[in-house]
Amino acid sequence: MSESSMPELPKAYEPHDVERKWYKYWLERGYFTPHRDPAKVPFVIIQPPPNITGDLHLGHALTATIEDIMTRWHRMRGEPTLWLPGEDHAGIAAQVVVERLLAKEGLTRHQIGREAFLARVWQWVGETRDNIANQHRRLGVSCDWTRERFTLDAGPSRAVRTAFVRLYNKGLIYRGERIINWCPRCATALSDLEVEHQNVPSNLWHIKYPVVGEDGYYVIVATTRPETMLGDTAVAVNPSDERYGGIIGKSLMLPIVGSVIPVVADEAVAVDFGTGAVKVTPAHDPTDFEIGLRHKLPIINILNPDGTIGESGGKYQGQERFAARQAIVAELEQMGLLERIEPHTHAVGHCQRCRTVVEPMASLQWFVKIAPLAAPAISAVKDGRIRIVPERFTKVYLNWMENIRDWCISRQLWWGHRIPVWYCACGEMVVAVDDPKICPRCGGSELCQDPDVLDTWFSSGLWPHSTLGWPDDTEDLRYFYPTTIMETAYDILFFWVARMIMMGIEDTGEIPFRFVYLHGLIRDERGEKMSKTKGNVLDPLVLMDRYGTDALRFAVLWGTSPGNDSKLGDTKLEAGRNFANKLYNAARFVLRYATQDRGQRLEKVALTLEDRWILSRLARVNTSVTALMEEFEFGEALRQMHDFLWGEFCDWYIELTKGRLQSGAEPSPLPVLVHVLEQSLRLLHPYMPFVTEELWQSLKTATGQQSMADSIMISHYPVADESLHDDDAERVMDGLVEIVRAVRNTRAEYDVASERMIEIQIYAGVMTDSFQPYVAAIESLAKAKVAVLATHRRETSSRALALVLKAAEVVIPMASLFDLAAETARLEKEIAEAMWEQARLEAHLGDETFLARAPEAVVVKEKERLAMAMDKQARLKEHLQRLGE
RNA sequence: GGGCGGUUAGCUCAGCCGGUUAGAGCAUCUGCUUUACACGCAGGAGGUCAUAGGUUCGAAUCCUAUACCGCCCACCA
């Protein structure tokens with residue numbers, strides 16, 4: 001292909017067709033599906049399955065980007081790489097959404113019944129699942145779609161039942177009446193984690209409970225929830241509290257209700273809070289429940305499932321709980337039993353899904369006895385078999401695990417994994433993986449399955465092994481488990497990560513993954529959490545339409561560090577788009593010259609200094625980026641590739657090759673241009689897969705390198721060639737850059753018209769020979785005619801600027817622009833700076849302790865600096881003197 | 001009540017296992033339609049690295065307090 005026949009490429013990168021084209025290409029060739037190679041250790045990530053409750057958001061985009069980077073990177077390193085995708089049925093969250101859809105039709109789930117409701121959810125899931133998978137594909141995820149799983153698929157569902165039955169048989173799952181969190185709107189129990197506490201300003205109501213048989217005597221209790229007095233069955237005081245010593249064992253009259261309740265002594269009561277006497281409502285408070293157990297108090301539940309007062313509430317029955325609270329306070333006041341109202345702010349629990357205030361309530365539920373599961377999960381992290389990154393989350397994890405409490409796993413919902421327990425009229429309870437046909441005790445066939453479903457996180461906890469085939473002993477499970485990395489946002493460390501570790505170890509005897517990598521949350525430009533209600537949600541699809549997928553992937557990582565939250569707005573997306581475009585245009589430049597007959601192999605060509613420089617820089621960046629990726633420092637790795645490609649390859653190397661390419665000088669820079677670009681594209685491919693594939697394929701075509709792989713994604717990730725490190729070339733290039741910058745700077749300061757060439761003289765001492773071949777390059781880059789390039793300064797007009805640099809002196813005769821006073825002032829200022837520097841260094845080097853304690857290398861460096869400062873000063877003084885002649 | 005994170009240029013953030021003159025993107029100012037790129041090029045200005053102590057030859061970096069900001073955990077009603 002000759003230069004003239006190259007198709008004209010548009011000036012700006014257009015991502016959309018490129019994205020579609022290459023994703024299809026990769027998918028069709030099966031590059032996402034790994035081969036199990038027994039000789040190699042696989043790299044495995046199980047994708048955190050997104051909820052099927054709607055669209056992907058930026059958090060998913062970040063997760064997908066980071067996981068895709070790791071996946072593509074390891075795949076390019078030749079490891080059998082599995083990234084397994086899936087979706088989560090999202091129990092309560094999904095049910096809430098479909099209930100809302102029904103509500104729009106004026107229906108409730110109870111009106112249409114369980115079966116019809118579930119059919120509705122499945123129908124809706126069919127749509128959203130495809131939607132989510134397509135959005136993921138759009139992000140370029142290289143996950144293995146042939147192994148895609150849904151939490152309610154047959155396999156994972158059987159895993160759920162198996163895990164349940166095993167835990168039950170070991171006595172680690174039990175059914176019992178305990179205080180749970182009840183959401184009146186969702187009408188279900190919640191785990192402790194699903195309750196979000198919020199400080200709410202409220203009151204501490206002080207209520208008088210009359211002492212039976214002692215007219216005019218009261219015990220005053222303080223409460224934040226006066227309505228719960230309907231379920232009081234005692235008043236408790238601390239046994240050591242002298243104020244109440246005499247009243248323990250006496251009876252009180254419970255106002256409004258009219259029942260008689262005892263005063264009991266219990267250590268759980270704090271002497272210094274409220275009045276020191278606490279009303280005990282065993283059905284609606286965890287502490288009270290415990291006190292109730294110790295003192296054998298009755299448990300009176302005062303609430304209906306919907307949050308209204310129940311039948312035990314007497315005349316308040318049917319009232320909404322907060323209305324009842326007001327009414328009860330009013331009645332107490334009327335009775336003269338309200339001592340006082342003290343403003344009091346306290347934490348109130350809200351349902352994570354619907355924000356409704358939850359009620360602690362005694363209820364018959366299923367629980368996981370968690371301590372025996374937590375112990376091995378704690379040691380796995382403590383002994384380093386599982387490493388959490390960033391490390392600080394280890395402490396958070398351990399602290400939670402060491403104080404963990406039993407996990408309520410039953411939900412009074414319809415959508416989810418039905419609890420595998422059946423009840424027979426004879427009283428027998430059957431816990432089984434497969435639906436039992438008959439009762440093993442009485443032989444009856446009238447078995448009723450428990451109506452409840454499991455907490456959605458129960459199935460999530462099994463995800464790493466259930467997706468790979470557990471409980472069966474499958475090839476995948478044997479080869480890919482334990483997995484390598486669990487990558488997710490830090491906000492589900494307890495919900496999900498901790499439970500996977502517990503359940504994984506419990507079910508398989510092995511840890512589920514070796515690393516936990518936790519990334520931060522993405523906030524909007526003002527730092528606020530994105531939410532639909534705030535209307536500040538950025539839709540990844542819209543952003544990809546506007547800027548391209550690579551730009552979005554760039555944006556979510558740009559300027560981030562592990563575990564820290566980040567903000568995202570147009571600025572970063574523009575930076576990503578601009579970078580993709582810059583790369584595209586750099587490649588467009590190379591492609592103009594890259595032709596098949598000129599694509600020599602690098603090792604056979606002669607190299608110039610700038611060639612050696614860029615190759616040296618590439619090798620260093622390669623080493624650095626690889627090290628950063630090992631440590632999950634993706635933001636910093638991306639920054640280094642960006643700076644190298646833009647600030648060194650484009651700004652200097654490409655500029656330096658222009659003269660050589662246009663003049664046809666030998667050696668041609670093309671092999672190096674092609675090599676550096678090609679290697680850089682591979683380095684960057686995990687981050688920006690589409691633009692790199694597009695450009696890589698163009699390069700492959702243009703250079704006719706048939707030996708290259710079919711796709712950049714299955715090419716080898718570059719290994720830095722340290723033999724290319726070249727300190728000498730880097731030093732000379734630094735000098736060259738310094739000269740060009742200094743001249744450009746002077747031109748700008750003196751307002752020299754951009755088209756005007758100026759004349760300069762360069763005195764480079766021992767580096768003269770090094771710079772000699774670059775006269776033409778300097779002339780072109782600095783717009784200056786180099787008149788002299790010599791070892792020693794020659795006599796010139798005194799009406800000249802003198803730029804005293806590290807590697808050279810540049811003299812610029814500027815007769816018409818020269819201003820003696822200004823130039824004198826400038827030199828004097830520079831001399832003053834050099835003297836100040838000299839004084840500082842001399843003081844430092846005169847410090848005995850510094851010389852004795854600082855490492856040799858630091859001392860040597862300081863000495864070099866001092867020599868340089870003194871040399872510079874001398875040269876500046878010389879110039880100043882000549883100005884006066 | 002515990003615990004964690006943050007406080008660095010106008011904005012958003014890197015840097016933080018100590019060692020030149022503290023970096024980037026954006027914004028801003030000056031000048032450029034230079035055939036890879038105006039999604040660009042060249043140049044400039046802008047920071048007592050929250051405050052106070054301490055450790056050290058040397059601190060943005062380590063330690064201790066303090067102040068704000070944010071987050072997580074927690075059954076004192």
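Excluded from the calculations below are hydrogen atoms, water molecules and symmetry mates; all remaining heavy atoms, backbone and side chain alike, are included. Given the structure is predicted, the values throughout are model-derived calculations rather than measurements. Protein chains get the first letters and strands the later ones, always in sequence-line order, with residue 1 at the start of each.
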**Q** Of the nucleotides B/rU35, B/rA77, B/rC37, which has the atom closest to the A/Phe273 side chain?
**A** B/rA77
**Q** Report which part of the nucleic acid A/Pro855 touches: base, sugar-phosphate, or nothing (heavy-atom distance under 4.0 Å, all strands).
**A** base
**Q** Does A/Glu738 pair with A/Lys806 as a salt bridge, N-O distance under 4.0 Å?
**A** no
**Q** Choose from B/rC37, B/rU21, B/rG44 the nucleotide whose nearest atom is closest to any side-chain atom of A/Asn745.
**A** B/rG44
**Q** For residues A/Tyr547 and A/Asp570, is any side-chain donor paired with an opposing acceptor at under 3.5 Å?
**A** yes
**Q** For A/Ala587 and A/Val740, find the nucleotide of RNA chain B closest to each by heavy atoms; which residue's nucleotide sits nearer the 5' end?
**A** A/Ala587
**Q** Within a radius of less than 6.0 Å around CD of A/Glu630, do more than 12 heavy atoms belonging to other residues, nucleotides or ligands occur?
**A** yes
**Q** Remember a base hit wins even if backbone is also touched, and classify A/Val269 as base, sugar-phosphate or nothing at under 4.0 Å, heavy atoms.
**A** base
**Q** Name the nucleic acid region contacted by A/Arg392, choosing base, sugar-phosphate or nothing; use a 4.0 angstrom heavy-atom cut-off, strictly under.
**A** sugar-phosphate
**Q** Taking protein heavy atoms under 4.0 Å as touching, what does nucleotides 45-50 of chain B look like 5' to 3' if B marks base contact, S marks sugar-phosphate-only contact and - marks none?
**A** ------
**Q** Does B/rU12 have OP1 or OP2 sitting under 4.0 Å from an N or O in the side chain of A/Lys572?
**A** no
**Q** Ignoring backbone atoms, test whether A/Lys861 places a side-chain nitrogen or oxygen under 4.0 Å from the OP1 or OP2 oxygen of B/rG19.
**A** no
**Q** Using a cut-off of 4.0 Å on non-hydrogen atoms, how would the nucleic acid contact of A/Trp646 be classed: base, sugar-phosphate, or nothing?
**A** sugar-phosphate
**Q** Taking CG from A/Leu695 and P from B/rC37, how many angstroms apart are they, rounded to a whole number?
**A** 15 Å
**Q** Does A/Asn585 make a side-chain N or O approach to OP1 or OP2 of B/rG40 shorter than 4.0 Å?
**A** no
**Q** Whether the side chain of A/Lys582 and the base of B/rC37 hold a donor-acceptor pair under 3.5 Å is what I'd like checked.
**A** yes
**Q** Within the modelled atom types, does a donor on one side and an acceptor on the other bring the side chain of A/Glu655 and the base of B/rA36 under 3.5 Å apart?
**A** yes
**Q** If you check every side-chain atom of A/Ala270, which of B/rC37, B/rA77, B/rU35 has the closest atom?
**A** B/rA77
**Q** Could you give the distance separating B/rC63 and B/rU21 at their P atoms, to the nearest angstrom?
**A** 24 Å
**Q** Would you indicate which nucleotide in B/rG19, B/rA24, B/rA77 comes nearest to any side-chain atom of A/Ala854?
**A** B/rG19
**Q** Expressed in whole Å, how much space separates the C1' atoms belonging to B/rU35 and B/rU30?
**A** 26 Å
**Q** Could you tell me the separation between the OH atom of A/Tyr490 and the P atom of B/rG70, rounded to a whole number of Å?
**A** 14 Å
**Q** Side chain of A/Val278, heavy atoms from C-beta onward: which of B/rC39, B/rA77, B/rA14 has the nearest atom to it?
**A** B/rA77
**Q** Under 4.0 Å, heavy atoms only, any strand: does A/Ala222 hit a base, just the sugar-phosphate, or nothing?
**A** base
**Q** Compare side-chain N and O positions of A/Thr224 against OP1 and OP2 of B/rA77 and report whether any pair is under 4.0 Å apart.
**A** no
**Q** Taking only the C1' atom of each, what is the distance from B/rG46 to B/rC4 in whole angstrom?
**A** 34 Å
**Q** If the P atom of B/rC13 is compared with that of B/rA50, how far apart are they to the nearest Å?
**A** 15 Å
**Q** How many angstroms lie between atom OG1 of A/Thr549 and atom CZ of A/Phe690, to the nearest 0.5 angstrom?
**A** 5.5 Å
**Q** Kindly indicate whether the side chain of A/Thr571 and the base of B/rC26 share any N or O donor-acceptor pair separated by less than 3.5 Å?
**A** no
**Q** Given the P atoms of B/rG1 and B/rC76, what is the spacing between them in whole Å?
**A** 12 Å
**Q** Within the 4.0 Å heavy-atom criterion, would you say A/Asp651 contacts the bases, only the backbone, or no part of the nucleic acid?
**A** sugar-phosphate
**Q** Pick out which of A/Glu339, A/Arg243, A/His206 makes a side chain to side chain contact (heavy atoms under 4.5 Å, CB included) with A/Thr275.
**A** A/His206
**Q** Looking at A/Leu866, A/Val859, A/Val860, which hits side chain to side chain contact (heavy atoms under 4.5 Å, CB included) with A/Lys863?
**A** A/Val859
**Q** With a 3.5 Å cut-off and heavy atoms only, can you find an N or O donor on one side and an acceptor on the other between the side chain of A/Lys658 and the base of B/rA36?
**A** yes
**Q** B/rA38, B/rC4, B/rG25: which one has an atom nearest the side-chain heavy atoms of A/Lys11?
**A** B/rA38
**Q** So A/Ala748, base contact, sugar-phosphate only, or nothing? Heavy-atom distance under 4.0 Å.
**A** sugar-phosphate
**Q** Identify whether any heavy atom of A/Asn564 sits under 4.0 Å from a base atom; if not, whether one sits that close to sugar-phosphate; answer base, sugar-phosphate or nothing.
**A** sugar-phosphate
**Q** Using Watson-Crick and G-U wobble pairs whose two distances are both under 3.5 Å, how do you write the pairing of RNA chain B as dot-bracket, with | for links to another strand?
**A** ((((((((.[[[[.)...(...]]]].(((((.......))))).....[[[[[..)....]]]]])))))))....
**Q** Rounding to the closest angstrom, what is the interatomic distance between B/rG10 and B/rU33 at atom P?
**A** 32 Å
**Q** Under 4.0 Å between any heavy atoms, over every strand shown, what does A/Arg639 touch: base, sugar-phosphate, or nothing? Just pick one.
**A** nothing
**Q** Apply side chain to side chain donor-acceptor pair (under 3.5 Å) to the pair A/Thr571 and A/Glu574, showing each step before the final yes or no.
**A** CA-CA 5 Å; A/Thr571 302; A/Glu574 278 166 17; 5.6 Å; no
**Q** Looking for any heavy atom pair under 4.0 Å, which part of the strands does A/Arg840 touch: base, sugar-phosphate only, or nothing?
**A** sugar-phosphate
**Q** Measuring only between side-chain heavy atoms, which start at C-beta, is A/Val691 closer than 4.5 Å to A/Pro15?
**A** no
**Q** Please answer whether the main-chain N or O of A/Thr287 pairs with a side-chain N or O of A/Glu290 as donor and acceptor at a distance below 3.5 Å.
**A** no
**Q** Base, sugar-phosphate, or nothing for A/Ile654, non-hydrogen atoms under 4.0 angstrom?
**A** base
**Q** Please measure how far the P atom in B/rA74 lies from the corresponding atom in B/rG3, and state the result in whole Å.
**A** 15 Å
**Q** Mark yes or no: A/Lys582 above the aromatic ring of A/Phe649, with NZ or CZ under 6.0 Å from the six-membered ring centre and no more than 45 degrees from the axis.
**A** no
**Q** If you measure from the P atom in B/rU28 to the same atom in B/rU20, how many Å do you get, rounded?
**A** 33 Å
**Q** Looking at A/Glu631 and A/Arg387, does any basic side-chain N land under 4.0 Å from a carboxylate oxygen?
**A** yes
**Q** How many angstroms lie between atom CG of A/Asp847 and atom CD of A/Glu842, to the nearest 0.5 angstrom?
**A** 13.5 Å
**Q** Please assess A/Leu518 against A/Thr488 for the test side chain to side chain contact (heavy atoms under 4.5 Å, CB included), listing each intermediate value before the final yes or no.
**A** CA-CA 5 Å; A/Leu518 299 169; A/Thr488 191; 3.9 Å; yes
**Q** When you compare the side chains of A/Glu749 and A/Thr746, does any donor N or O come within less than 3.5 Å of an acceptor on the partner?
**A** no
**Q** Check every strand shown and say whether A/Val396 touches a base, only sugar-phosphate, or nothing at a heavy-atom separation below 4.0 Å.
**A** nothing
**Q** Can you check nucleotides 59-63 of chain B for protein contacts, nitrogen or oxygen pairs under 3.5 Å, and list what you find?
**A**
none

**Q** Between A/Phe494 and A/Glu574, who's closer to the 5' end of RNA chain B by nearest nucleotide?
**A** A/Glu574
**Q** Are any of the side-chain nitrogens in A/Arg639 or A/Glu636 under 4.0 Å away from the carboxylate oxygens of its partner?
**A** yes
**Q** Looking at every strand, decide which applies to A/Arg741 at a 4.0 Å heavy-atom threshold: base, sugar-phosphate, or nothing.
**A** sugar-phosphate
**Q** Contact class for A/Gly647 vs. all strands (heavy atom < 4.0 Å): base, sugar-phosphate, or nothing?
**A** nothing
**Q** Check this for me, if you would: do A/Arg865 and A/Glu837 make a salt bridge, where the nitrogen-to-carboxylate-oxygen distance has to be below 4.0 angstrom?
**A** no
